[in-house]
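Read through the structure below, which is laid out as structure tokens, and then see the notes.
First the proteins, then the strands, lettered A, B, ... as listed; each starts at 1.
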Amino acid sequence: GQNIDQPTEMTATEGAIVQINCTYQTSGFNGLFWYQQHAGEAPTFLSYNVLDGLEEKGRFSSFLSRSKGYSYLLLKELQMKDSASYLCAVRDPNDYKLSFGAGTTVTVRA
Amino acid sequence: DGGITQSPKYLFRKEGQNVTLSCEQNLNHDAMYWYRQDPGQGLRLIYYSQIVNDFQKGDIAEGYSVSREKKESFPLTVTSAQKNPTAFYLCASSMNTGGLAKNIQYFGAGTRLSVL
């Protein structure tokens, strides 16, 4: 089975840094994805980790530790437009299906 | 423009009625997926197809049906057997090139289904 946990909500101030954690217990692993979803819209791809370590892409970074079943998404220099839900998803190695966590709603305050 | 088109954006279903949600992609992707999203919950997989004329049930397939007659199209029918169909439905597609390739899933804009 797949079990993917994320915090439900986080609040941060404009210009600050927020770290969204994701822990997973899955029957297989072939990569971890982070998506951003604004209310009422489609999820959009942010980052992908398949090997341990940090992947940096502008203001967003994602980290993976496969031995710990743990990932985080780091959002730096927060902007109001970063207020959204952030979804963690793990891919099954056998059929490429994604299993999603419930998402973390980040609210950025001025 | 390349992308995934879902229609309609909003759909209303009467009791006992079957409704079909459209999903079309021009990204030349082999795989297509249907997800359901309820408030405060993550995406749950309904059906997926890795190749034309083949599809598999996801985690919550009961009350739904699909077809994959063309590479570009993967329509979802919500049947009268689905007793709680009100949700946001998302279609996605991806290349499935194997190994450690990203095979990113790209999503359509979604269809919001409500019961009258």
Side-chain angles (χ1 to χ4, degrees), chain A residues 1-9 20 22-24 26-53 55 57 62 64 66 84-107, chain B residues 3-7 9-10 21 23 25 27 29-51 54-61 87-114:
Chain A
Q2 317 290 61
N3 188 25
I4 300 167
D5 290 317
Q6 309 177 230
T8 303
E9 294 179 338
I20 306 169
C22 172
T23 58
Y24 62 90
T26 57
S27 55
F29 180 86
N30 185 242
L32 187 142
F33 293 77
W34 284 96
Y35 282 84
Q36 180 191 59
Q37 186 179 26
H38 286 99
E41 298 182 9
T44 55
F45 169 76
L46 286 179
S47 70
Y48 167 70
N49 295 73
V50 66
L51 300 175
D52 292 350
E55 293 283 340
K57 191 188 293 185
S62 58
L64 175 68
R66 288 172 295 169
S85 182
Y86 292 85
L87 310 176
C88 171
V90 173
R91 185 167 64 196
D92 187 303
N94 296 315
D95 53 19
Y96 302 111
K97 291 191 305 181
L98 291 182
S99 295
F100 284 84
T104 299
T105 299
V106 171
T107 302
Chain B
I4 303 172
T5 302
Q6 288 188 241
S7 63
K9 191 172 177 65
Y10 299 95
L21 284 60
C23 179
Q25 56 99 358
L27 300 170
H29 284 170
D30 293 312
M32 298 186 74
Y33 310 82
W34 274 106
Y35 294 91
R36 169 181 173 141
Q37 187 173 35
D38 293 281
Q41 296 192 36
L43 278 64
R44 291 184 290 168
L45 184 64
I46 304 172
Y47 268 97
Y48 65 104
S49 167
Q50 294 182 322
I51 198 169
D54 188 39
F55 50 83
Q56 286 78 40
K57 292 182 179 179
D59 301 319
I60 55 166
F88 189 44
Y89 290 86
L90 288 159
C91 177
S93 70
S94 69
M95 299 283 285
N96 279 353
T97 52
L100 301 181
K102 286 184 180 179
N103 294 322
I104 298 166
Q105 287 190 21
Y106 295 93
F107 287 83
T111 293
R112 195 165 295 278
L113 176 63
S114 301

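No part of Gln6(A) comes within reach of chain B, as not one of its non-hydrogen atoms sits under 4.5 angstrom from that chain. Proximity to chain A (any heavy atom under 4.5 Å) is shown, for Ile104(B), by both the backbone and the side chain. Contacts between Leu98(A) and chain B at a heavy-atom distance below 4.5 Å involve backbone atoms as well as side-chain atoms. For Leu45(B), the part sitting under 4.5 Å from any heavy atom of chain A is the side chain, from C-beta outward, and nothing else. Neither the backbone nor the side chain of Arg44(B) comes within contact range of chain A; no heavy atoms are under 4.5 Å apart. With a 4.5 angstrom heavy-atom cutoff, Gln37(B) touches chain A only via side-chain atoms. For Gln50(B), the part lying under 4.5 angstrom from a heavy atom of chain A is the side chain only.
Counting all heavy atoms, side chain and backbone alike, Phe29(A) lies closest to Asn49(A) at CZ-O, 4.1 Å. In plain terms, the two heavy atoms of Ala87(B) and Asp38(B) that are nearest each other are CB-OD1, 3.6 Å. The two atoms that bring Ile46(B) and Ala61(B) nearest to each other are O-CB, 3.6 Å, heavy atoms only. Cys91(B) approaches Met32(B) most closely through the heavy-atom pair SG-CE, 4.0 Å.
If you take OH on Tyr35(B) and CZ on Phe107(B), they are separated by 5.0 Å, rounding to the nearest 0.5 Å.
Chain B forms more heavy-atom pairs under 4.5 Å with one residue of Ala42(A), Gly31(A), Pro43(A) than with any other, namely Pro43(A). Among Gly40(A), Ser99(A), Gly103(A), the residue making the largest number of heavy-atom pairs under 4.5 Å with chain B is Gly40(A).
Distance alone, capped at 3.5 Å, places no donor-acceptor pair between the Ser62(A) side chain and the Ser47(A) backbone.
Of the N and O atoms on the side chains of Arg66(A) and Tyr24(A), not one donor lies less than 3.5 Å from an acceptor on the other residue.
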